[in-house]
Amino acid sequence: MSPTKLPSFTARSYDFHEYVPVRNWIGGQWVDGSTGQWLAIENPRHGMPIGKMTLSGAPDVAAAVESAKKALPAWKNTPMRERAQVLYKLKQLMERDLEELCWLVSHENGKTYAEGKGDVEKGIECVEYAASLHMMADGGQLDVSRGVNCRVVYEPLGIVAGIVPFNFPVMVPLWMVPNALMAGNAFILKPSEVVPYGAMKLAELLKEAGLADGLFQVVNGQRDAVEAIVDHPDIQAVGFVGSTKVAKILYGRGAATGKRMLCLGSAKNHVIVVPDADVELTSSNVVASSYGCAGQRCMASSLMVAVGDVQNIIDATVAHVKKIELGKDMGSVISKAAVERIHNYIDQAEKLGAKVLVDGRGAKLAGNNGYWVGPTVLDNVTLDMPAGCEEIFGPVLSIVHQPTLDAAISLQHKSLYANGAAIFTTRGAVARYAVEKLEAGMVGVNVGVPVPREPFSFGGFNSSKFGHGDMTGWDGFRFWSRPKKITEKWAVYSDASWMS
Ligand code: NAD
């Protein structure tokens, strides 16, 4: 199969559109996977297939590795400043095709157009960061003794890969790809099998931006493709973003072979609300955080820890939630299975004594068979309920009550996950105390989604991340490169030191 130019994704509204089939992008060609099998891809807003995706296995990963090997030597020898030119161009092309990309994300993921735009714009920010790396990755150098100089240079690892989840089809690949390319690697991406179109468009744009064939490749598939990547002896490093269950398995599997692994997992983000918190700021931010992207964000505030009497803030939160218009302010969830899973969490919590303040079960959009769950608020949740301690990954805010700030903080410490956490307060001393005590990789003060903007790096603690360092920013660049330390003596000085 040879065409390198895809038909463009022309959908520009929420109306249903069919898309082209998704093939693998290997060595600059669109090719079918070796299994001969295809998976239907659905538009979750409509609950109908928009296309189909080829399924791959070990032979497809091997083919991508062979193409990468051919392309690598020239790319390794390309100065970083020149590598950056591809990313400058990619940024321009993403901006040129912004509308198309945003609608594409909306169609394959079910996000609203505005949320799709958030995905793409944050992806562009990651491209911008990587495109500036040649200004920052100059390494350090020091005269460590008379006539003796030490310096460090960052070398590429070689062939590296990324495995990504469904919830941000453009941004999460771009957490990895630009930094890895700037470091001089060849990258193989395994997109989520539920949303493979974003990666297809990225392949097209990187080609147009001038990246040589074999340096960015896409292998589509499920578990077989993932395991083939993690097991391949010539792939040096793997970045993974997805559920903790899979992150932990893959981290162990890859590390056992000596591979460099960084695996980001699930979340249950606690948001502590104290009585002095600003009512409007808190309620509006919590609602934006909990229900944005239908709660399918690893930084969603899924658990409000209400300290003391904050009934006024809970009432204001419920009032905001009731104004959310399905299909306009909030998109669908990803699948029928997700609807069932989310309903189960709500049913169980209710049976175990939680009060359903706003009930999103059974929500529908008129004339539409998509996968909808309305925004839901559960009060009087306890940590022994599944809704209190597990990741629901849907538009559900669970409220637990605690008498003191210390009790709220100890509750957060009991969580298996530690991606994000936040405190809402108007008192600096309270904010500072909470920031120091909360155990999470990303902490917010009066911010519901404390996602660090570039250049600050993204990554959680505990079971929300396996591996060292973070996924984006300077840590990301370090993950995809190896530091070579060089010690040189070009003049002979007489010195008492053992180096001279
Ligand atoms: P997932 O773990 O089901 O899938 C992620 C990737 O792993 C996909 O590409 C999938 O094909 C692959 N995969 C799934 N099962 C596998 C298996 N058994 N063996 C090998 N590979 C497998 O996650 P998802 O449902 O796509 O995404 C939602 C999850 O991702 C949530 O838990 C969310 O919190 C998490 N997430 C975390 C972050 C973060 O930065 N920590 C960011 C986004 C999403």
Side-chain angles (χ1 to χ4, degrees), residues 22 39 41 44 53 55-58 61 108-111 118-119 122-123 126 161-176 188-196 198-199 218-231 238-254 261-269 292-302 333-335 337-338 341-342 390-394 415-420 440-442 449-452 457-467 469-473 475-476:
V22 184
L39 188 73
I41 307 300
M53 184 197 81
L55 286 171
S56 313
V61 173
E108 64 176 340
N109 177 283
K111 286 181 199 284
D119 180 27
K122 180 65 197 177
C126 295
I163 298 153
V164 291
F166 77 82
N167 61 333
F168 285 93
V170 171
M171 176 189 80
V172 175
L174 292 175
W175 282 357
M176 306 180 191
I188 299 171
L189 179 67
K190 206 301 281 175
S192 161
E193 64 270 41
V194 204
V195 294
V218 183
V219 174
N220 286 295
Q222 298 170 298
R223 183 174 173 168
D224 287 351
V226 171
E227 290 181 349
I229 287 173
V230 174
D231 294 346
V238 176
F240 172 88
V241 180
S243 60
T244 287
K245 186 176 143 229
V246 181
K248 199 169 177 180
I249 293 170
L250 295 183
Y251 178 77
R253 188 170 177 138
M261 302 291 296
L262 181 58
C263 301
L264 271 50
S266 311
K268 184 84 182 173
N269 304 314
C293 301
Q296 300 170 118
R297 281 194 291 199
C298 67
M299 288 299 281
S301 56
S302 44
V333 296
I334 192 67
S335 61
R341 186 192 67 238
I342 298 161
E390 293 174 14
E391 182 183 55
I392 300 177
F393 223 54
S415 175
L416 178 64
Y417 306 111
N419 214 38
M442 294 165 281
V449 188
V451 170
S457 60
F458 191 101
F461 291 169
N462 302 348
S463 290
S464 291
K465 187 181 73 182
F466 302 89
D470 281 343
M471 190 57 92
T472 65
D475 269 13

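In this text the structure is predicted, and so the values were computed from the model without any measurement. Ligands are counted one by one from 1 in listed order, and the atoms in each one are counted from 1 as well. Counting begins at 1 with the first residue of the sequence. Just the heavy atoms: all of them, side chains too, but no hydrogens, waters or symmetry mates, feed the values below.
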Checklist entry - Does some side-chain heavy atom of C293 sit less than 4.5 Å from a side-chain heavy atom of N167? => result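 No, their side chains stay 4.5 Å or more apart.
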
Next on the checklist: Please report the interatomic distance OG(S192) to CG(N220), rounded to the nearest 0.5 Å.
Outcome noted: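 S192 OG to N220 CG: 9.5 Å, rounded to 0.5 Å.
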
Next on the checklist: Checking the side chain of N462 only, and the main-chain atoms of Y417 only, is there a donor and an acceptor separated by less than 3.5 Å?
Outcome noted: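 The answer is no, because no donor-acceptor pair under 3.5 Å joins these two groups.
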
Checklist entry - Q222 side chain to E193 main-chain N or O, any donor-acceptor pair under 3.5 Å? => result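 It does not hold such a pair.
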
Which protein N or O atoms sit under 3.5 Å from any N or O of ligand 1? Give atom names and distances.
unit_1, atom_1, unit_2, atom_2, d
ligand 1, 2 (O), S243, N, 2.8
ligand 1, 2 (O), S243, OG, 2.6
ligand 1, 9 (O), V164, O, 2.8
ligand 1, 9 (O), K190, NZ, 3.0
ligand 1, 11 (O), K190, NZ, 2.8
ligand 1, 11 (O), E193, OE1, 2.6
ligand 1, 26 (O), F166, N, 3.1
ligand 1, 30 (O), G242, O, 3.3
ligand 1, 32 (O), S266, OG, 3.0
ligand 1, 32 (O), E391, OE1, 2.6
ligand 1, 34 (O), E391, OE2, 2.6
ligand 1, 41 (N), G265, O, 2.8

Checklist entry - Does K111 make a cation-pi contact with F168, if we ask for NZ or CZ under 6.0 Å from the ring centre and within 45° of the axis? => result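 Checked: cation-pi criterion met.
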
Next on the checklist: Using every non-hydrogen atom in the two residues, find where A228 and V61 come nearest and quote the distance to one decimal.
Outcome noted: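 Shortest heavy-atom contact: CB-CG2, 3.7 Å.
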
